[in-house]
Amino acid sequence: MTPPGLPTAMERPHFIGIGGAGMSGIAKILAQRGAKVAGSDARDSETAQALRAHGATVHIGHAAAHLAADSTCVVVSSAIRSDNPELARAAELGIPVVHRSDALAGLMDGLRPIAVAGTHGKTTTTSMLAVSLSALGLDPSYAIGGDLDAPGSNAHHGEGDIFVAEADESDRSFHKYTPQVAIILNAELDHHANYASMEEIYESFETFVAKVVPGGTLVVAHGQAGAAEIAARVAGNEGLRVVTYGEEEAADVRITKITPRGLTSEVTVVIDGRMLTFTVSVPGRHYAHNAVAALAAGVALGIPAHNLASALGKYTGVKRRLQLKGEAAGVQVIDSYAHHPTEMSADLEAIRGAAGDSRILVVFQPHLFSRTQELGKEMGQALALADSALVLDIYPAREDPIPGITSEIIIASARAAGADVTAEHEKDAVADVIAGMAKPGDLVLTMGAGDVTDLGPQILARLSS
């Protein structure tokens, strides 16, 4: 018998790239709903092990033989190449291929979804909602692009009627969702492989907003130019309520004060005419704004503002979002997923506010050749906010190299902005280099969306020795 809420096509799904942040969350929820989940990934990981603990079969490496003949569908993301052997085998067997966004949309059916979109802050804002709604006993389902604490904590099948999802605009897959509440944090030119201009991005977000259910709410940043442009474009949408948030007088949910307190912040807002003050357990203005977006979205679903504000204090961060990895020899090592100039500047400003007179040393790994080609100069300018930086070679992820596009673009820009920046082509040498630079009281920030995150423990071990 098909468990409630489990589409027939999802009874025996096979995920290609099951260990990925978005894919693993959907796989976990399906396993929790009773599906017989299988999949493959390029390498073993703690996430893969966590999925096995939920009963999933996870193969390492990609091979046609990994796809069971009785699979009811094959789930892929936009990162899966067309020549993948399991994809070819699915075509031979006539097994339907489903994009992960369609699978996620199916999981939201019959629930009250909140979809969080926009450049910078999606994972944090989605996580804040998941944690605070859980703290209030509402047991939401959620799918997040990063782990809350332990591996595999990026998703949950809850008994409540709310589903919180990170909605990815990078490949337009967020057009598949029909949320009751949509959040747009920001809109900037990014994802250059899929968008040629800001006009294309605006049109894509308009399509997303048009999918909000009648009577639903759009929560949108008031002070961010791209988000404000989208709000203006959709203001006449029938049945749509628009709620703005920000530090401006005209914002519907107005932030009146953000007070840094070490690696936390105290935030005061006026919402529905009432003043509320609550703690955000991650530093910086950027994360305070994310928390207020989460507050506005929860209130739009009918949750009392004072209850939700208090519960938001339970959020203590998500992996790779200014995550403290440890301290050794008086040096704190923090990990940041920031890979776009706006994110980089926001995280460096947040750390600068928490660091006081301490030095900030950054190990930055650029992510994608296309992003470096378009935004490399701005990345270099962001690095000027650090006291010193090492810049690694570009992490290619799914891309092939682009002639002439290297980390030198970033380094030249950073030096032109007055930054102390050094190229480091050998990732294995970073721990020794940083240990030679760092002094007690310094903060070391490993930054980027690639495997630079692996360096935090290595740096701590080298400092300890």
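Being a predicted model, the structure only gives us computed values, none of them experimental.
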Ignoring hydrogens and geometry, is there a side-chain-to-backbone donor-acceptor pair from Glu424 to Val391 under 3.5 Å? no

Glu199, CD atom: more than 12 neighbouring heavy atoms under 6.0 Å: yes

Contact between Phe364 and Val421 at the side-chain level, heavy atoms closer than 4.5 Å - yes or no? no

Determine, stepwise, if the pair Ser78 / His99 fulfils side chain to side chain donor-acceptor pair (under 3.5 Å). CA-CA 8 Å; Ser78 299; His99 192 273; 3.0 Å; yes

Are the side chain of Ser77 and the backbone N or O of Ala79 linked by a donor-acceptor pair below 3.5 Å? yes

What's the spacing between Glu327 CD and Ser464 OG if we round to 0.5 Å? 10.0 Å

Side chains of Leu51 and Val37: does their closest heavy-atom pair fall under 4.5 Å? no

Count the heavy atoms belonging to other residues, nucleotides or ligands that lie under 6.0 Å from NZ of Lys427, then report whether that count exceeds 12. yes

For a 4.5 angstrom cut-off between non-hydrogen side-chain atoms, does Ile410 reach Pro366? yes

Shortest non-hydrogen contact between Leu133 and Pro140, atoms and distance: CB-CG, 3.7 Å

Working to the nearest 0.5 angstrom, can you tell me the gap between Ile95 CD1 and Arg89 CZ? 8.0 Å

Indicate the atoms forming the closest heavy-atom contact of Leu185 with Ala293, along with that distance. CD2-CB, 3.9 Å

Do Tyr395 and Val452 have side chains that approach each other closer than 4.5 Å (heavy atoms only, starting at C-beta)? no

Checking side chain to side chain contact (heavy atoms under 4.5 Å, CB included) for the pair Ser345/Gln381: CA distance, chi angles, key distance, verdict? CA-CA 9 Å; Ser345 297; Gln381 290 162 1; over 6 Å; no

Tell me whether Glu426 contacts the main-chain N or O of Ala429 through its side chain, where contact means a donor paired with an acceptor under 3.5 Å. no

Salt bridge present between Arg81 and Asp400 (N-O < 4.0 angstrom): yes

Can you tell me how far CG of Asn290 sits from NZ of Lys122, rounded to the nearest 0.5 angstrom? 11.0 Å

Working note: Val219 + Tyr245, criterion side chain to side chain contact (heavy atoms under 4.5 Å, CB included); need CA distance, chi angles, decisive distance, verdict. CA-CA 7 Å; Val219 173; Tyr245 69 92; 3.8 Å; yes

Taking all atoms of both residues into account, what is the closest heavy-atom pair of Pro13 and Leu30, and its distance? CG-CD1, 4.0 Å

For Ser413 and Ile409, indicate whether the former's side chain and the latter's backbone hold a donor-acceptor pair under 3.5 Å. no

For a 4.5 angstrom cut-off between non-hydrogen side-chain atoms, does Ile184 reach Val209? yes

Indicate yes or no: at least one non-hydrogen side-chain atom of Val430 is less than 4.5 angstrom from one of Gln458. no

Is there side-chain contact between Arg233 and Glu229, with at least one heavy-atom pair below 4.5 Å? yes

Could you walk me through whether Gln365 and Asp451 satisfy the side chain to side chain donor-acceptor pair (under 3.5 Å) test, starting with their C-alpha distance in whole Å, then the side-chain angles of each, then the deciding distance to 0.1 Å, before giving a yes or no? CA-CA 8 Å; Gln365 182 187 53; Asp451 58 6; 2.8 Å; yes

Determine whether Asp335 and Thr453 satisfy the following criterion, side chain to side chain donor-acceptor pair (under 3.5 Å), listing intermediate values before the conclusion. CA-CA 6 Å; Asp335 192 32; Thr453 185; 2.6 Å; yes

Keeping Thr244 on the side-chain end and Asp252 on the backbone end, is there a donor-acceptor pair under 3.5 Å? yes

Please find the pair of heavy atoms, one from Ala338 and one from Asp347, that lie closest to each other, and give the distance. CB-OD2, 3.8 Å

SB check Arg352 Asp387 (cutoff 4.0 Å): yes

Can any side-chain N or O of His340 pair as donor or acceptor with the backbone N or O of Thr342 at less than 3.5 Å? yes

Against His367, only a single residue in Met447, Met379, His339, Glu399 fulfils side chain to side chain contact (heavy atoms under 4.5 Å, CB included); can you say which? His339

In terms of heavy-atom contacts, Ile60 and His66 come closest through O-CE1, 3.7 Å

So do His14 and Ser40 actually touch side chain to side chain, heavy atoms under 4.5 Å? yes

Would a distance-only check, ignoring hydrogens and angles, find a side-chain to backbone donor-acceptor pair under 3.5 Å from Lys176 to Ser101? no

Partner of Glu247 by side chain to side chain donor-acceptor pair (under 3.5 Å), out of Arg285, Arg254, His222: Arg285

Using modelled atom types only, decide if a donor and an acceptor are shared between the side chain of Thr47 and the backbone of Gly19 within a distance under 3.5 Å. no

Phe163 vs Leu104, side chain to side chain contact (heavy atoms under 4.5 Å, CB included): CA-CA, chis, key distance, verdict: CA-CA 10 Å; Phe163 196 119; Leu104 182 55; 3.7 Å; yes

Arg100 and Glu166: salt bridge (Lys or Arg N to Asp or Glu O under 4.0 Å), yes or no, with the steps? CA-CA 12 Å; Arg100 72 173 182 87; Glu166 188 169 330; over 6 Å; no

Ionic contact status for Glu188 with Arg371, cut-off 4.0 Å: no

If you measure from CZ on Phe174 to OG on Ser204, what distance do you get to the nearest 0.5 Å? 3.5 Å

Run the numbers on Asn237 and Val212 for side chain to side chain contact (heavy atoms under 4.5 Å, CB included), then give the verdict. CA-CA 10 Å; Asn237 287 21; Val212 175; over 6 Å; no

Minimal non-hydrogen separation, Thr372 against Thr406, with atom names: CG2-O, 3.9 Å

Could you check, using the six-membered ring where one of them is a Trp, whether Tyr177 and Phe208 have ring centers closer than 6.0 angstrom? no

Rounded to the nearest 0.5 Å, how far apart are CG of Leu455 and CG of Leu392? 6.5 Å

Strictly distance-based, threshold 3.5 Å: is any side-chain N or O of Thr256 a donor or acceptor partner for the main-chain N or O of Thr268? yes

Rounded to the nearest 0.5 Å, what separates atom CG in Leu463 from atom CD1 in Ile434? 8.5 Å

